Amino acid sequence: MKKLLLILAASGMLLASASAATTRSNKSEVSRNLIIFNSLFKELQTNYVDTIDATGSMRTAIDAMLSEIDPYTEYYPADEEDKLLSISTGQFSGVGSTIQRRGREVLFTEPQWNSPSRRAGVRHGDRILRINGDTVGPDMDISEVSKRLRGQAGTHVVVDVRRPYAEDSLLTFDIVRGVIKVDPVPYAGVLADSTGYIRITTFSEKTAGKVRDAVAEIMRTPGLRGIIIDLRGNGGGLLESAVQVAGNFVDKGTEIVRTRGRDAQNEKVYKTTQQPQARRVPLVVLTDGGTASSSEIVAGSLQDLDRAVILGERSYGKGLVQTGRPVPYGGYMKVTTGRYYIPSGRLIQAIDYSHRDERGNVTRIPDSLTTVYHTRLGREVRDGGGITPDFKVEPKDMNRLIYNLIADNWVFDYATRYAAGHPDGIGLPDSFEVDDSIFADFKKFIDPARFNYDKVCESGLKLLREAAVREGYMNDSVAAQFARLDTLLRHDLNHDLDHNREDIVDLLDVEIGQRYFSEADQVRRALRRDAVADSARALLHNPDRYRDLLLPKGKSLKP
């Protein structure tokens, strides 16, 4: 069967190579390859020694073909319609919870606030035993579990679970599936220092309206310092929605982006169509490595127009446009049909999918090959690498201890146990704090015998000792110094946990809060310890510094 799949994949790649060419393929070439593929597939169906799964095999060939192009050109069969609805409308039908396989078990990891699963009683960490009577075993793929939980709104699904840290651990929930709405603006408001804040998580059909309402409400604030638009982790969505969001802050009729297809006549220009609500209010846009696609259109256009200071980390760099196309039998295809260019004329696409290295991997465009463009006021900006912030705020490095606390689910499991012991709540969102007693309890929760993490100092010392031996520097005196360092640098788990207390408290605060508070409350609570947002607020409190960042190098507002 493996050989069959490889043959089908190779056949699909023949078509991929034709469609990825810089000029349109000769019609006879396309026809000939289709005939070859059709004949090969029929031959296998008729004469292969085993019965083959025609649908599954064809899907393998399709996926192999598309993998040779870019990761954004995708095929959705009719039974994956909910994924398309989620992308375009920000809603889908199901139980409303993320799931995760952990070893031999599948568990609910985050029942969304006010979702069917949460209303039915499902909680973080519940282990799924059966769905509608069928056992969820260690061999059931996570996608199959997800498929069985999904379904049309109003239908029922019965789920048996085992709840950790509970006396009556075997529970059954009759969940009535519903329409799951993803809120594109989970929180917007005015912070205590008269700074407006809008968190945007995706660009769907509803984003522009929600942002417009939020801006209108914020603009009523007396003494407003400015507005922060938080696009961190926003993977994008609808291009038109991004144009409408940007339109809140620039003049009507301003060009935000233009798209160009393979042919010159396929260029399309997108301009704002409404009068702005906040044309002159100071604006800071937060970005990071997860800011991509439509969110980069908003950030990049406002940067090119010198309308906002971009603060944070460099964005992802996705300058490709996808268009939806229906395919036979209810399927759908999302095809990359062009590239988008923001007002300075630059393309921010960071990865060149048309070229691969000697190992076949796609490559990122090096900074040395990028081109300089200019904003409206003459500031230098570059193409080919996402949006570079005007004011960089680097994230705090994560050490191995923190990584393992997250990756090995110590924080998640502790929060699950904590919630089991506090079924009646933990107070109001603004009053809950991870205090000394919670931190001490978390330390006791960790089993040193099961907690393994890379001890960088000890590993580095071992490598240095080995190098000293190889290079001939090891003698009694050096060996004694190594022995002393070995004593001084030996890791102690209790010490390491105390040393990283601040970061651990932040992790526990988020994880415990997810079990009790709405998404809006969680975003608002997170702002209490958000160094990037604090930098943006400080910038808005310094008007001279803010304006200086929007001027070309060498120019200043001050004499």
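Small disclaimer: the values here were computed from a predicted structure and weren't measured.
Every side chain to side chain contact (heavy atoms under 4.5 Å, CB included) that Ala419 has, sequence neighbours left out, goes to Arg515, Tyr516. Every residue meeting the salt bridge (charged side-chain N to carboxylate O under 4.0 Å, His left out) condition with Glu433, not counting sequence neighbours, appears here in chain and number order: Arg528. Residues passing the ring-ring contact (aromatic ring centres under 6.0 Å, His included) test with Trp113, sequence neighbours excluded: none. Here Asp435 pairs with nothing under the salt bridge (charged side-chain N to carboxylate O under 4.0 Å, His left out) rule; sequence neighbours left out. Glu519 is linked by a side chain to side chain contact (heavy atoms under 4.5 Å, CB included) to Pro186, counting only residues two or more places apart in sequence or in another chain. With sequence neighbours left out, Arg101 forms a salt bridge (charged side-chain N to carboxylate O under 4.0 Å, His left out) with no residue at all. Scanning for side chain to side chain contact (heavy atoms under 4.5 Å, CB included) contacts around Ala166 gives Arg163, with sequence neighbours left out. Tyr414 meets the ring-ring contact (aromatic ring centres under 6.0 Å, His included) test with Phe442, Phe445; sequence neighbours excluded. Judged as a ring-ring contact (aromatic ring centres under 6.0 Å, His included), and not counting sequence neighbours, the contacts of Tyr418 are His422. By the side chain to side chain contact (heavy atoms under 4.5 Å, CB included) test, Asn399 pairs with Leu401, Ile402, Asn500, sequence neighbours left out.
In terms of modelled atom types and a separation under 3.5 Å, the side chain of Gln322 and the main chain of Tyr72 share no donor-acceptor contact. Under the 3.5 Å distance criterion, the side-chain polar atoms of Asp174 are left unmatched by any main-chain donor or acceptor of Val158. Side-chain atoms of Arg130 do not come within 3.5 Å of backbone N or O of Val161 as any donor-acceptor pair. Using a distance-only test at 3.5 Å, with no hydrogens or angles considered, a donor-acceptor pair links the side chain of Thr202 to the main chain of Gly236. In this structure a side-chain-to-backbone donor-acceptor pair under 3.5 Å is missing from Ser294 to Phe203.
Within the structure, every pair that satisfies the salt bridge (charged side-chain N to carboxylate O under 4.0 Å, His left out) test and touches residues 136-146, not counting sequence neighbours, is listed here: Glu144-Arg148. Sorted by first and then second residue, the salt bridge (charged side-chain N to carboxylate O under 4.0 Å, His left out) pairs with a member in residues 312-332 read Arg314-Asp367; sequence neighbours excluded.
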Could you check Asp63 against Arg59 for salt bridge (charged side-chain N to carboxylate O under 4.0 Å, His left out), going step by step and ending with a plain yes or no?
CA-CA 6 Å; Asp63 290 343; Arg59 183 61 190 266; 3.1 Å; yes
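Annotation: cation-pi pair Arg123/Phe108 absent, no NZ/CZ under 6.0 Å from the ring centroid and within 45° of its normal.
Taking 4.0 Å as the cut-off between side-chain N and carboxylate O, Arg102 and Asp413 count as a salt-bridged pair.
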